[in-house]
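Comments concern the structure below.
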Amino acid sequence: MTLLNGLASTDGRTGGSGEALAIRGGQPLSGRVDVKGAKNLVTKAMVAAILGETPSTLRDVPDISDVSVVRSLLEVHGVRVTPGDEDGSFVFDPADVASAHMEEIDAHAGASRIPILFCGPLLHQLGQAFIPDLGGCRIGDRPIDFHLDALRKFGAVVEKLPSGIRLSAPNGLRGANIHLPYPSVGATEQVLLTAVRSSGITELRNAAIEPEIMDLIAVLQKMGAIISYEPNRVILIEGVDRLSGYDHRAIFDRNEAASWASAALATDGEIFVAGARQQEMLTFLNVVRKVGGDFNIREDGILFRRAGDLRAVTVETDVHPGFMTDWQQPLIVALTQATGTSIVHETVYENRFGFTQALVKMGAEIAVHPHGLQQGPRRVPRRNLEQAAVITGPTPLTGADITVPDLRGGYSHVIAALTATGESTVHNVGIISRGYEKLYDKLAALGADFDVLG
Ligand SMILES: CC(=O)N[C@H]1[C@@H](OP(=O)(O)OP(=O)(O)OC[C@H]2O[C@@H](n3ccc(=O)[nH]c3=O)[C@H](O)[C@@H]2O)O[C@H](CO)[C@@H](O)[C@@H]1O
Ligand SMILES: C=C(OP(=O)(O)O)C(=O)O
């Protein structure tokens with residue numbers, strides 16, 4: 001790796017969103033990468049710290065920009081954030097939690113989806129909350145109606161502002177009976193973070209049960225919450241008057257682990273993903289096996305490589321325990337190298353195949369069907385969100401000039417460029433630092449040949 005203009009941070013994290021990479025591909029990626037705590041747990045556990053009466057310690061916090069955004073939003077609300085007693089650990093002290101100025105909150109608009117989860121904790125601690133407009137990947141409409149409907153059931157009053165929303169709880173928050181129209185990850189977390197200190201019992205039906213949600217439940221239980229779950233996506237929360245801080249090691253980032261696994265398959269390399277665990281990746285591992293990949297599960301991680309030629313597969317993204325929507329983009333890069341016709345049905349978001357245009361530019365044969373391919377009822381009925389990508393392979397990829405559209409699409413572009421022969425320029429790579437820690441260091445450790453262009 002060469003830093004042509006020094007814009008990349010010295011710790012190997014990507015720099016501003018305008019940064020570009022010149023990548024010379026065609027070589028296998030081989031070596032070891034370490035994955036830390038999951039973006040989709042760590043950011044929520046940080047918000048949970050507001051609910052405690054004593055400081056919380058979170059371990060294995062990745063150095064990603066979504067964590068920086070949430071840290072900054074906590075700090076403007078008076079939470080003191082200091083390094084913990086080991087590398088990657090942080091202490092969150094909520095002793096001086098206070099309302100923040102609107103301008104300080106607005107400065108976080110459009111940066112991440114996590115601010116919506118501040119609602120319950122801030123309402124409990126301050127009686128009011130201002131939430132900026134949300135960011136996150138633009139992969140569909142991403143409404144927050146389930147969040148707001150649930151908050152109103154707890155007794156919150158929601159007012160829409162020109163930018164963001166204001167909430168208050170004039171009569172406090174009371175436990176509620178909530179049935180989510182769809183097992184939304186964020187809305188389930190909203191209910192958990194609000195219910196734990198609301199008076200009485202909350203019954204949440206059709207809850208999401210992703211491993212990161214189970215880890216958030218573990219965090220909240222450490223704080224003093226009483227939460228149980230029943231079959232069929234039912235979660236019961238008995239509100240308590242006070243919560244204390246927690247000490248918790250975050251669950252590993254299974255999305256990052258799946259990304260590196262796909263990179264090994266796409267480039268015909270061999271990558272040991274240290275920190276990855278089998279249990280949370282069962283569904284992904286089944287697909288790795290079906291596509292002709294090989295994995296070796298060890299105590300400290302999982303080794304991924306090809307078992308022979310890659311084979312076409314059909315996958316449908318779904319809520320947990322299904323095949324996660326965040327896994328399909330890197331997998332599709334590998335599927336361009338598989339023999340036959342693969343189909344990926346996207347059922348979670350309505351616009352998550354935009355990244356494939358760049359792959360087509362590089363020589364991949366991918367047809368996107370915006371209204372899906374499947375007729376008739378689906379296992380998880382949705383609101384016509386299905387899209388399908390049909391990938392025919394194997395096709396050689398050649399270097400191209402491409403622009404990253406979002407987090408997972410961006411990672412896939414980098415891996416496609418490393419799979420391709422010749423040189424690619426990948427623009428806008430800074431977005432990838434939302435969810436991948438030390439990307440440049442990891443690529444360099446795996447033998448990738450690239451320059452940072454700025
Ligand atoms: C920070 C974080 O954890 N992000 C993850 C989280 O996003 P996030 O929590 O935003 O995803 P959700 O599970 O809420 O969204 C799933 C679907 O429900 C819809 N929906 C959601 C809320 C709502 O109020 N109304 C509504 O219609 C969304 O538009 C989407 O079509 O789960 C997604 C699904 O596993 C992952 O892809 C994201 O990586
Ligand atoms: C969609 C994702 O994240 P977010 O919800 O933070 O936009 C993702 O991690 O792929």
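The figures here come from the full heavy-atom set of this structure, side chains too, leaving out hydrogens, waters and symmetry mates. All residue numbers refer to positions in the sequence shown, counting from 1. The structure presented is a predicted model; accordingly, all values stated were derived computationally and were not measured.
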Kindly determine whether R298 and I302 satisfy side chain to side chain contact (heavy atoms under 4.5 Å, CB included), including the steps that lead there. CA-CA 6 Å; R298 301 181 187 165; I302 306 179; over 6 Å; no

Between side-chain atoms of residues 121-129 and protein atoms elsewhere (two or more places apart, or another chain), which donor-acceptor pairs fall under 3.5 Å?
from, atom 1, to, atom 2, distance (Å)
H124, NE2, T194, O, 2.8
Q125, OE1, R197, NH1, 2.6
Q125, NE2, I50, O, 2.9
Q128, NE2, S99, OG, 3.2

Does [X] pair with [Y] as a salt bridge, N-O distance under 4.0 Å?
{"X": "D87", "Y": "R59", "value": "no"}
{"X": "R352", "Y": "D326", "value": "yes"}
{"X": "K442", "Y": "E256", "value": "yes"}
{"X": "K36", "Y": "D63", "value": "no"}

Under 3.5 Å, is there a donor-acceptor pair between the Y436 and R408 side chains? yes

So, E346 and T317: side-chain donor and acceptor under 3.5 Å apart, yes or no? yes

Taking [Y]'s backbone N and O only, do any of them form a donor-acceptor pair with [X]'s side chain (distance below 3.5 Å, no angle check)?
{"X": "R205", "Y": "H179", "result": "no"}
{"X": "T202", "Y": "A176", "result": "yes"}
{"X": "N428", "Y": "V404", "result": "yes"}
{"X": "Q190", "Y": "I116", "result": "yes"}
{"X": "T356", "Y": "L359", "result": "no"}
{"X": "T54", "Y": "G245", "result": "yes"}
{"X": "D451", "Y": "L453", "result": "no"}
{"X": "N351", "Y": "G140", "result": "no"}
{"X": "E189", "Y": "L192", "result": "no"}

As an exercise, state the distance from [atom1] of [X] to [atom2] of [Y], rounded to the nearest 0.5 Å.
{"X": "I297", "Y": "Q279", "atom1": "CD1", "atom2": "CD", "value": "9.5 Å"}
{"X": "T325", "Y": "W327", "atom1": "OG1", "atom2": "CH2", "value": "10.5 Å"}
{"X": "Y246", "Y": "M223", "atom1": "OH", "atom2": "CE", "value": "7.0 Å"}
{"X": "K44", "Y": "L193", "atom1": "NZ", "atom2": "CG", "value": "9.0 Å"}
{"X": "S112", "Y": "R434", "atom1": "OG", "atom2": "CZ", "value": "6.5 Å"}
{"X": "R249", "Y": "L41", "atom1": "CZ", "atom2": "CG", "value": "13.0 Å"}

Neighbour count >12 (heavy atoms, 6.0 Å) for atom [atom1], [X]:
{"X": "E159", "atom1": "CD", "answer": "yes"}
{"X": "N177", "atom1": "CG", "answer": "yes"}
{"X": "E53", "atom1": "CD", "answer": "yes"}
{"X": "R152", "atom1": "CZ", "answer": "yes"}
{"X": "F90", "atom1": "CZ", "answer": "yes"}

Please report the closest heavy-atom contact between [X] and [Y], naming both atoms and the distance.
{"X": "S184", "Y": "A208", "value": "O-CB, 3.5 Å"}
{"X": "L407", "Y": "G435", "value": "CD1-N, 3.5 Å"}
{"X": "V42", "Y": "P62", "value": "CG2-CD, 3.7 Å"}
{"X": "E210", "Y": "V185", "value": "CD-CG2, 3.7 Å"}

Sequence neighbours excluded, which residues qualify as salt bridge (Lys or Arg N to Asp or Glu O under 4.0 Å) partners of D253? none

Quick one: salt bridge (Lys or Arg N to Asp or Glu O under 4.0 Å) partners of D133, sequence neighbours excluded? none

Sequence neighbours left out, what passes side-chain contact (heavy atoms from CB on, under 4.5 Å) with [X]? Give chain and number order.
{"X": "N286", "value": "none"}
{"X": "P94", "value": "V97"}
{"X": "R289", "value": "F295"}
{"X": "D141", "value": "P143, E350"}

Stepwise, does the side-chain hydrogen bond (donor to acceptor under 3.5 Å, both in side chains) test hold for E386 with T347? CA-CA 5 Å; E386 294 83 10; T347 77; 5.9 Å; no

Mind checking what makes ring-ring contact (aromatic ring centres under 6.0 Å, His included) contact with [X], not counting sequence neighbours?
{"X": "W260", "result": "Y411"}
{"X": "H77", "result": "F118"}
{"X": "F130", "result": "none"}

Please assess L418 against F450 for the test side chain to side chain contact (heavy atoms under 4.5 Å, CB included), listing each intermediate value before the final yes or no. CA-CA 9 Å; L418 287 161; F450 65 101; 5.8 Å; no

Just list the side-chain donor-acceptor pairs under 3.5 Å for residues 261-277, sequence neighbours left out, or say none.
from, atom 1, to, atom 2, distance (Å)
S262, OG, A258, O, 3.2
T267, OG1, L29, N, 3.0
T267, OG1, A263, O, 2.9
R277, NE, E280, OE1, 3.4
R277, NH2, E280, OE2, 2.7

All N/O donor-acceptor pairs, side-chain side in residues 212-219, below 3.5 Å, sequence neighbours left out:
from, atom 1, to, atom 2, distance (Å)
E212, OE1, R254, NE, 3.4
E212, OE1, R254, NH2, 3.1
E212, OE2, R254, NE, 2.6
D215, OD1, H248, NE2, 3.1
D215, OD2, H248, NE2, 3.1
D215, OD2, I251, N, 2.9

Passes side chain to side chain contact (heavy atoms under 4.5 Å, CB included), Y440 versus E19? Steps please. CA-CA 12 Å; Y440 298 166; E19 202 160 278; 2.4 Å; yes

The test is side chain to side chain contact (heavy atoms under 4.5 Å, CB included); show your working for V196 and I227 and say whether it passes. CA-CA 8 Å; V196 282; I227 305 173; 3.9 Å; yes

